[in-house]
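Take this structure, written in structure tokens, and hold onto it; I'll ask about it next.
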Amino acid sequence: MWHLVAGLLIMGNAQASKAQGIVTFDQPGVTNGIGYSSLWYHGGMSFKVGNRTWPYDSIAHVGVGLEGHPNNATPHLEYVNTLGIPQYVVFTLTNDNSFGLVSVDLADSVAPSLTPVGIVFNGFKADGSIVSQTFTVGGGGSTTFETFQFNPEFAFGLTRVEIPSPAWAMDNLVWIPEPSALSMFFVGVGALAFRQRRRKLTAI
């Protein structure tokens with residue numbers, strides 16, 4: 001029984017790892033220049049400017065090696081609030097399913113960066129709770145991206161994520177879908193088998 005459950009759990013974990021997504025922003029169209037829009041679709045996700053009241057800022061899809069911008073040899077996404085009014089960038093899955101976040105590459109939107117910049121991620125969950133995490137980037141003349149890991153609270157249940165910070169650059173956003181019903185079944189069966197095995201060992 002235990003060997004069967006272990007096999008099912010391995011299969012479930014393999015399926016979950018295959019389902020992991022990464023938003024690279026490497027889509028064709030903007031290779032060396034800059035494209036602006038209030039709404040972008042990348043890697044199964046929708047990115048848009050929130051709290052849009054005219055006039056409103058745009059999201060920038062930035063190409064490779066542009067002067068004054070961070071560079072990691074691939075296109076990336078940038079946002080700069082130039083209006084001084086409360087606005088933010090919000091992203092969700094295009095199919096409106098819930099998801100989790102694993103890691104992200106971040107940088108100051110200006111390069112070289114002279115002062116450290118805080119980039120805030122606010123995650124809104126299906127149960128009504130909110131999680132938040134701040135990453136500090138830039139400073140010291142940096143010109144490229146750093147990779148950051150999200151806290152475990154971001155790993156599941158997100159319906160949308162908002163970035164209220166006024167200036168940032170993002171690349172390689174790694175996300176995972178909600179566990180499927182089959183995966184949850186594997187976890188449940190594994191927990192049940194573990195309890196049964198523990199009872200047998202206790203009884204010996």
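Side-chain atoms are counted along with the backbone in the values below, which use heavy atoms only and exclude waters and symmetry mates. Predicted model only: the values in this text are computed from it and were never measured.
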**OP:** Indicate yes or no: at least one non-hydrogen side-chain atom of Ser165 is less than 4.5 angstrom from one of Val120.
**Re:** yes
Subject >> Closest non-hydrogen atom pair between Thr136 and Phe148, with its separation >> reply: O-CZ, 3.5 Å
Subject >> Min side-chain heavy-atom separation Ser58-Ser37 under 4.5 Å >> reply: no
Subject >> Nearest non-hydrogen partners of Val137 and Glu146, listed with the distance >> reply: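 Heavy atoms only, the tightest pair is CA-OE2, 3.8 Å.
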Original post:
Do you know the tightest heavy-atom contact between Leu77 and His61?
Top reply: CD1-CA, 4.3 Å
Original post:
Only one of Thr143, Leu66, Val64 forms a side chain to side chain contact (heavy atoms under 4.5 Å, CB included) with Asn71, so which one is it?
Top reply: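 Of the listed residues Thr143, Leu66, Val64, the side chain to side chain contact (heavy atoms under 4.5 Å, CB included) partner of Asn71 is Val64.
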Original post:
Would you call Glu78 and Ile59 a side-chain contact if the rule is heavy atoms closer than 4.5 Å?
Top reply: no
Original post:
Side chains of Val102 and Ile176: closer than 4.5 Å at any heavy-atom pair?
Top reply: yes
Original post:
Quick one: do Phe145 and Ile119 end up in the same hydrophobic cluster if we chain Ile, Leu, Val, Met, Phe, Trp and Tyr together by side-chain heavy atoms under 4.5 Å apart?
Top reply: no
**OP:** Could you grab the distance from atom CD of Gln87 to atom CD of Glu162, nearest 0.5 Å is fine?
**Re:** 12.5 Å
**OP:** Any chance you could measure Met45, atom CE, to Ile22, atom CD1, to the nearest 0.5 Å?
**Re:** 11.5 Å
Subject >> Heavy-atom pair with the smallest gap, counting every atom of Leu158 and Val131 >> reply: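 Result for this residue pair: CD2-CG2, 4.2 Å.
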Original post:
Is there side-chain contact between Glu178 and Phe99, with at least one heavy-atom pair below 4.5 Å?
Top reply: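 The answer is no; the side chains never approach within 4.5 Å.
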Subject >> Proximity of His69 and His76 rings by center, below 6.0 Å >> reply: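 So the answer is no for these two rings.
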**OP:** Would you tell me whether Thr24 and Asn172 have side-chain atoms, one donor and one acceptor, within less than 3.5 Å of each other?
**Re:**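 Looking only at side-chain atoms, Asn172 and Thr24 do not form any donor-acceptor pair under 3.5 Å.
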Subject >> Criterion side chain to side chain contact (heavy atoms under 4.5 Å, CB included) against Trp168, the qualifying member of Tyr79, Phe121, Phe135 >> reply: Tyr79
Subject >> Distance-only side-chain donor-acceptor flag, Asn72 / Asp105, under 3.5 Å >> reply: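 Absent: no donor and acceptor within the cut-off.
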Subject >> Check: Glu153 main-chain N/O paired with Asn151 side-chain donor or acceptor under 3.5 Å >> reply: no
Original post:
Any donor and acceptor pair, going by atom type alone, linking the side chain of Asn81 with main-chain N or O of Ile85 inside 3.5 Å?
Top reply: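 Yes, Asn81 side chain to Ile85 backbone: donor-acceptor pair under 3.5 Å.
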Original post:
If you take all heavy atoms of Lys48 and Leu39, which pair is closest and at what distance?
Top reply: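 For Lys48 and Leu39, the tightest heavy-atom pair comes out as CB-CD1, 3.4 Å.
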Original post:
Linking I/L/V/M/F/W/Y whenever any side-chain heavy atoms sit under 4.5 Å apart, do Leu93 and Phe150 land together?
Top reply: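 Same hydrophobic cluster.
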Original post:
Would you find a donor on one side and an acceptor on the other, under 3.5 Å apart, between the side chain of Thr94 and the backbone of Ser46?
Top reply: no
Original post:
Is any side-chain heavy atom of Lys125 less than 4.5 Å from a side-chain heavy atom of Thr159?
Top reply: no
Original post:
Hey, does the side chain of Ser103 reach the backbone of Gln149 with a donor-acceptor pair shorter than 3.5 angstrom?
Top reply: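 Judged by distance alone, no pair lies under 3.5 Å.
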Original post:
What pair of heavy atoms forms the shortest contact from Gly157 to Ser98, and how long is it?
Top reply: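 The pair with the smallest heavy-atom distance is C-CB, 4.2 Å.
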Subject >> Pair Asp171-Thr74, side-chain donor/acceptor within less than 3.5 Å >> reply: yes
**OP:** With Phe47 as reference, evaluate Tyr41, Phe25, Tyr88, Trp40 under the ring-ring contact (aromatic ring centres under 6.0 Å, His included) test and give the passing residue.
**Re:**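 When ring-ring contact (aromatic ring centres under 6.0 Å, His included) is applied between Phe47 and each of Tyr41, Phe25, Tyr88, Trp40, only Phe25 qualifies.
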**OP:** May I ask you to test the Val23-Trp175 pair for a side-chain heavy-atom distance under 4.5 Å?
**Re:**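 Contact flag for Val23/Trp175 side chains = yes.
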Subject >> 4.5 Å side-chain heavy-atom contact, Val174 and Leu101 >> reply: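 In short, these two side chains do not touch, never coming nearer than 4.5 Å.
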